[in-house]
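Contents: one structure, followed by commentary.
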Amino acid sequence: MISQFFVLSQRGDNIVFRDYRGEVPKGSAEIFFRKVKFWKEDGEGDAPPVFNVDGVNYFHVKVAGLLFVATTRVNVSPSLVLELLQRIARVIKDYLGILNEDSLRKNFVLVYELLDEVIDFGYVQTTSTEVLKSYVFNEPIVVDAARLPTLGPASIFMQGTKRMPGTAVTKSVVANEPGGRKREEIFVDIIEKISVTFSSSGYILTSEIDGTIQMKSYLTGNPEIRLALNEELSIGRGGRSIYDYNSSTGSGTVILDDCNFHESVHLDSFDIDRTLTLVPPDGEFPVMNYRMTQEFKPPFRINALIEEAGALRAEVILKVRAEFPSSITANTIQVQMPLPPYTTRVSFELEPGAVGNTTDFKEANKRLEWGLKKIVGGSEHTLRAKLTFSQELHGNITREAGPVSMTFTIPMYNASRLQVKYLQISKKSKAYNPYRWVRYVTQSNSYVARL
């Protein structure tokens, strides 16, 4: 049970506000934003997703740069409210096509109508886009996708050799295209977030993959779909080592620790041929979530070294090597490393011919930042940083610096090698041949190297 729901912009502007029970003061949005913006507890930069101020519980998630917030005075399950906020954001995105401040302001009547159907007096009624279509009658005002910022290569969908820009998936599932017809197509995302911790000598200490197969359907008539995964797919830890490392796209044994499926998925033939059968509901939904902690080859190797170079100086050497094939390119790479608290100045030295690199020393929180626009598979990049200190070194310098963390996005690559072998749609007629688009994306969740 929640008391209020509101959506704030990055500036703190109140875009949507609904008070369901009148139990929480009207100024809660301002209190929340001030608390999040100036969060100082425990020395952390970002506020946690759940916190309490003056007896009011605040829950929030950040989606597409917007803050979706719920408040209550009741002791409710945090995971339940956070999941509700994610689902509300997903429903609004299904209806509007594009989720941003502009689309919310242009469609505020539709958004309030959705909120009144999703939540009644603080209690959840439904978060199904398909069910809501029977009760919500306002048409969305579509925001032009051409005005959106480019998403880069990670947004490209593939169908054989054909390519489709990621903005194609920003259409509303309820609005028709010009001419009154809907383009028959279905989009499938295999998104993996990987967590790896390296020791100071480069060995892998921990590794994990959290993955999801996400689907967004624009098919009319709710046809049945068969989605086939790797035949050599095992669920549960078998205690054996994993497959050949040489290729990221070839088939092979894939061992998942555990997985769960959307309620629309039928598993009648899953144990036999690893095929999922489903009638996709309207909107975007996760077909399957999975987790993997077996050995896998990490996409990057990070080597970090810091050593003294005099009484008030030290040198840092960072090396990043891409372990994936040269046909694949990683984008928006960011490397960060906390430095000793008495560091006053940092000078950087990049390798000759380096293009698209940015370096910075954040003096406020004593952090080194190295940005790379892209990294081609098989390449190695090095950064040298000379540190100047305000006092002589005392103790072990490696204990006062690091660890090195890294964020990245790699399109058309998945570390687990889980694949969609084919996507079969039951035909209504011989001429019925909808478009099928598949996209693989690997992102960093926690990628850390110790010194």
Side-chain angles (χ1 to χ4, degrees), residues 1-42 44-96 99-138 140 263 283-285:
M1 181 180 74
I2 66 171
S3 297
Q4 297 171 330
F5 169 82
F6 49 90
V7 181
L8 302 181
S9 71
Q10 290 180 327
R11 302 180 304 277
D13 298 334
N14 214 332
I15 305 170
V16 175
F17 184 92
R18 178 63 89 206
D19 193 338
Y20 292 102
R21 303 181 64 85
E23 299 171 338
V24 176
K26 295 290 185 184
S28 57
E30 186 179 344
I31 294 169
F32 165 80
F33 187 72
R34 193 183 302 122
K35 191 73 175 174
V36 167
K37 190 173 182 181
F38 301 106
W39 188 267
K40 296 295 180 186
E41 291 182 22
D42 301 324
E44 295 290 334
D46 295 328
V50 183
F51 58 85
N52 183 289
V53 179
D54 298 329
V56 178
N57 298 315
Y58 292 86
F59 307 81
H60 78 280
V61 296
K62 194 169 185 179
V63 184
L66 302 170
L67 290 164
F68 285 70
V69 191
T71 67
T72 180
R73 289 189 180 274
V74 181
N75 186 19
V76 296
S77 166
S79 57
L80 171 68
V81 180
L82 294 175
E83 177 65 21
L84 171 63
L85 293 174
Q86 292 280 7
R87 291 200 182 195
I88 291 174
R90 188 178 296 164
V91 166
I92 293 174
K93 184 183 176 187
D94 285 342
Y95 268 79
L96 306 188
L99 182 58
N100 60 21
E101 185 177 345
D102 188 26
S103 65
L104 284 178
R105 291 192 185 280
K106 285 186 175 180
N107 291 277
F108 71 95
V109 175
L110 172 58
V111 172
Y112 276 106
E113 190 179 3
L114 285 169
L115 290 176
D116 289 341
E117 296 297 340
V118 170
I119 301 172
D120 185 17
F121 197 57
Y123 292 93
V124 183
Q125 304 302 305
T126 182
T127 56
S128 166
T129 303
E130 195 155 7
V131 172
L132 288 167
K133 284 174 76 174
S134 304
Y135 304 103
V136 177
F137 301 104
N138 272 294
E263 59 261 28
E284 190 173 309
F285 67 99

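From D102, atom CG reaches atom CD1 of I15 across 10.0 Å, with rounding to the nearest 0.5 Å. One finds the CZ atom of R18 at 11.5 Å from the CD1 atom of I2 (value rounded to the nearest 0.5 Å). Taken to the nearest 0.5 Å, the CG atom of D116 stands 6.0 Å off from the OH atom of Y20. In this structure, E83 CD and R87 CZ are separated by 4.5 Å, a value rounded to the nearest 0.5 Å. Between the CG atom of L8 and the CG atom of N14 there is a distance of 5.5 Å, given to the nearest 0.5 Å. Put simply, CZ on F32 and OG1 on T71 are 10.5 Å apart, with the number rounded to the nearest 0.5 Å.
With contacts defined as side-chain heavy-atom distances shorter than 4.5 Å, the pair V7/I92 does not qualify. Side-chain contact between L132 and T127: absent, with no pair of heavy atoms (C-beta onward) separated by less than 4.5 Å. For the pair L96/K106, no side-chain contact is recorded, criterion being any heavy-atom separation below 4.5 Å from C-beta on.
For the pair Y135 (side chain) and L114 (backbone), a donor-acceptor distance under 3.5 Å is absent. A donor-acceptor distance shorter than 3.5 angstrom exists from the side chain of N100 to the backbone of S103, with no hydrogens or angles considered. Between the side chain of R21 and the backbone N or O of F121, at least one donor-acceptor pair lies under 3.5 Å. A donor-acceptor contact shorter than 3.5 Å links the side chain of R73 to the backbone of E23. For the pair Y112 (side chain) and F17 (backbone), a donor-acceptor distance under 3.5 Å is present.
The shortest non-hydrogen separation linking P78 to V50 is CB-CG2, 3.9 Å. The minimum heavy-atom distance linking F108 with R105 is given by the pair CD2-O, 3.3 Å. Among all heavy-atom pairs drawn from S3 and D19, the shortest one is O-OD1, 3.4 Å. The minimum heavy-atom distance between E101 and S9, with the atom names listed, is OE1-CB, 3.5 Å. The two residues E284 and R90 come nearest to each other via the heavy atoms O-CD, 3.0 Å. Considering all non-hydrogen atoms of both residues, S134 and F137 come closest at O-CZ, 3.3 Å.
In this model, a donor atom of one side chain and an acceptor atom of the other lie less than 3.5 Å apart for S79 and S77.
No option in V53, V24, D54 other than V53 meets the side-chain contact (heavy atoms from CB on, under 4.5 Å) test with I31.
For E113, the side-chain hydrogen bond (donor to acceptor under 3.5 Å, both in side chains) partners are N138, not counting sequence neighbours. For the ring-ring contact (aromatic ring centres under 6.0 Å, His included) test, residues two or more places apart in sequence or in another chain that qualify with F285 are H262.
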>> Let's go through L99 and L104 carefully: what are the C-alpha distance in whole Å and the side-chain angles of both, what is the deciding distance for side-chain contact (heavy atoms from CB on, under 4.5 Å) to 0.1 Å, and is it a yes or a no?
In response: CA-CA 7 Å; L99 182 58; L104 284 178; 4.3 Å; yes

>> The test is side-chain contact (heavy atoms from CB on, under 4.5 Å); show your working for Y95 and T129 and say whether it passes.
In response: CA-CA 8 Å; Y95 268 79; T129 303; 3.8 Å; yes

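Counting non-hydrogen atoms of neighbouring residues, nucleotides and ligands closer than 6.0 angstrom, the CD atom of Q125 exceeds 12 such neighbours.
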Contacts table for residues 55-67: side-chain donor-acceptor under 3.5 angstrom, sequence neighbours left out:
unit_1 : atom_1 : unit_2 : atom_2 : d
N57    : OD1    : N52    : ND2    : 2.7
N57    : ND2    : V74    : O      : 3.1
H60    : ND1    : P49    : O      : 3.4

